[in-house]
Amino acid sequence: MSVNQQIWAKKCRSPWLLLLTMFVALLPLQAMAAQAEATVSKTVVAVNQVFQLTVSVDTAINPNSVDFSVLSPDFAYGQPSVSSSTSLINGAMSRNTTWTLALAAKKVGNATIPAFKIGSSQTTPITISVLKSSQKNSTVASNQANVRITAEIDKNTLYVGESINYRVKILIGEQLSQASLSAPSGDGLAVSQVGQDAQNNIVQNGRRYLVITRNYQLTAEKAGKIVIQGPKFNGSAVRGANGFSSGITVPVNEDARNITINIKTKPTDYKGLWLPTPDLQLQQTWQPQVSNHNDVTTKVGEPITRTITLRIKDVAQSNMPNVNLTYPDTVRIYNEKPEYRTENGYSIMTLKQVIIPRQIGKVTLPPLTINWWNTTTEKQQRSEIKGLTLNVIADPTANSQFSPPATITPPATTVNSVKTITAAGIWPWTTLIFALLWLATLVILIKKRQPTIIATTAMPIKSTDVMSILEDAINANEPIKVQTYYQQWRQQQYSALTTQPQLLQQLDNEVQAMMAAHYSASNSSWNKQTLLALLAQAKQLTVTKHASMALSNLDPQ
């Protein structure tokens, strides 16, 4: 040790002086260690391609010390992730603070990541080369393949008025937000979405994709070559997210390919309503069921239900034909609203009609024929359903004991019969005793002749039963039963109602209004209370007439 060193050691024997000396000696070393650095994962990128920026400083510092807003003019960026670390190596302690965030360049050209000032130090600027999409390398192409869209159709040639199914599939291999898909389009095409989107997952080349499938119905409205413009997919992808970064949202735009189709015009020799389709099915059912369409026996007022079903493939619902049938005046027709649905590429229409014969005799219900063009064989075809020949007879219950159908159990009613006495004899009015004795004898005679008396008073019992079941059918909102029982009750009470033609007409009109409200195409409403009130008036009228007839029979002659 030299003399100077020995003198310095003596001066530093004081512990406080030694500590101060060491602290002063470390200050310049600490200042020299605080170095800031910025790095990127790549310097050549495509527009909207995500890459990573890392900024670090080898000291512990406030996480808000870096202002990343200077990136805004040329870059989109996500929320930075900040990490701090401390290490001790060979007795030397070091600290580090790192910021990691995702970037994406906004436009083609050279973009500069500016210098970041951190404390007394700052990073070095970085220049990024931003290329067009067509210039991107295989890594960029792989990144863009995270979202793909495809489109396909059943056939490229069809006729005017014919429809095809257009399927769009979107394969999504990354996290998306705010996604939307436009519909395909084309000059001379009517486009409508069919059903709801379907979703499933597939794996391609070891990568999992979410597949969304959407179907459209395209209907040709004019002949010629038409280009179907593919639908456009727009959304935002969250890219660059990892354990150290929240990622960045960048736009994703993908278009399906355009498809050219050939539309043929209607053949000049075709006759009838133009209806091009590869398959048409026309069916019908009758209720009650019939086995022989040429001879079916029914009664006046007894309803028959005809259900017609039309299934047409590759035809829009708006192009379905209207079913118009002309029925004779001897029947009353009530049409329910047609029901429409789609199933396996078919548009299906179901039409229900209620037919009620109004008078006896032969009645011919019309058949239905539909001409259509078979697009597979390119020939005209005809589909037909048969009509029905009815032999309408009078309702036997109109003049005999009423027997309701087996499907209906008439309510139990208590009937007070009016007994008709045909021979009175000489009335003993001289004394009260002889009168009582005579009445007792008369009661015994009436009991012995009960079967004959009931037979002669069958009409009041029958009309009461019909009225009771008719009122039950009205309250149960069963229009077909109301129509049937009303006709039977009307025939039974016609003679009693002839004195009130206005009331009879009101009853007829109200029953027709009920049937129209239930089975016509209009959404009209009907109040059952009006019909019940009219029937109550008619009931009072018929009861009064029967009572007067009974009293006249009891009047001794």
Side-chain angles (χ1 to χ4, degrees), residues 35-58 61 63-85 96-118 121-149 170-179 204-210 233-255:
Q35 297 294 323
E37 184 183 54
T39 60
V40 292
S41 60
K42 57 186 67 178
T43 57
V44 180
V45 297
V47 173
N48 291 329
Q49 181 188 358
V50 176
F51 62 101
Q52 186 170 283
L53 169 66
T54 302
V55 178
S56 62
V57 60
D58 52 358
I61 198 169
N64 297 323
S65 299
V66 182
D67 180 15
F68 290 104
S69 62
V70 295
L71 294 168
S72 298
D74 297 321
F75 299 93
Y77 60 93
Q79 184 70 25
S81 174
V82 185
S83 62
S84 299
S85 63
N96 184 271
T97 304
T98 303
W99 293 263
T100 304
L101 72 162
L103 294 181
K106 295 181 178 180
K107 56 186 176 180
V108 175
N110 290 329
T112 300
I113 298 176
F116 299 101
K117 187 175 182 180
I118 308 174
S121 62
Q122 66 179 18
T123 64
T124 303
I126 303 174
T127 300
I128 304 296
S129 297
V130 185
L131 309 178
K132 295 180 180 179
S133 298
S134 59
Q135 297 176 288
K136 57 191 176 182
N137 56 25
S138 59
T139 302
V140 179
S142 176
N143 197 6
Q144 291 293 324
N146 292 341
V147 178
R148 303 200 309 270
I149 180 171
I170 308 170
L171 283 74
I172 302 173
E174 62 182 328
Q175 181 181 351
L176 294 179
S177 63
Q178 299 177 346
Q204 289 186 354
N205 297 325
R207 186 168 187 175
R208 184 177 297 277
Y209 290 89
L210 170 66
F233 177 82
N234 298 303
S236 298
V238 181
R239 295 175 180 170
N242 52 42
F244 303 99
S245 173
S246 62
I248 182 174
T249 300
V250 297
V252 176
N253 302 301
E254 294 292 331
D255 299 343

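Just so you know, these numbers use all the heavy atoms, side chains as well, and skip hydrogens, waters and symmetry mates. Keep in mind that what you see is a predicted model, and the values were worked out from it rather than measured. One is the number of the first residue; the rest follow in order along the sequence.
Nearest approach of T54 to T98, heavy atoms of both residues: CG2-CG2, 3.6 Å. Nearest heavy atoms, T39 versus L53: O-CD1, 3.3 Å. Taking every heavy atom of both residues into account, S65 and I61 meet most closely at OG-CG1, 3.5 Å. The two atoms that bring E174 and V252 nearest to each other are OE2-CG2, 4.5 Å, heavy atoms only. Closest approach of Q52 and T100 over heavy atoms only: CD-CG2, 3.4 Å.
Distance OG1/T97 to CD1/I118: 8.5 Å, rounded to 0.5 Å. Here the OG1-CD distance, from T124 to E37, works out to 8.0 Å after rounding to the nearest 0.5 Å. L103 contributes atom CG, which lies 5.5 Å from atom CG of L71 (distance to the nearest 0.5 angstrom). Considering CD1 of I149 and CG of N253, their distance stands at 11.0 Å, rounded to 0.5 Å.
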side-chain contact (heavy atoms from CB on, under 4.5 Å) for Q122 and F116? Distances and angles first, verdict last. CA-CA 5 Å; Q122 66 179 18; F116 299 101; over 6 Å; no

Could you go through F68 and W99, starting from their C-alpha distance and side-chain angles, then the distance that decides it, and tell me whether this counts as side-chain contact (heavy atoms from CB on, under 4.5 Å)? CA-CA 10 Å; F68 290 104; W99 293 263; 3.7 Å; yes

Given side-chain contact (heavy atoms from CB on, under 4.5 Å), test T112 with I128 step by step and report yes or no. CA-CA 6 Å; T112 300; I128 304 296; over 6 Å; no

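A cation-pi arrangement is absent between R148 and F233, since the terminal nitrogen or guanidinium carbon is not both under 6.0 Å from the aromatic centre and inside a 45° cone about the axis.
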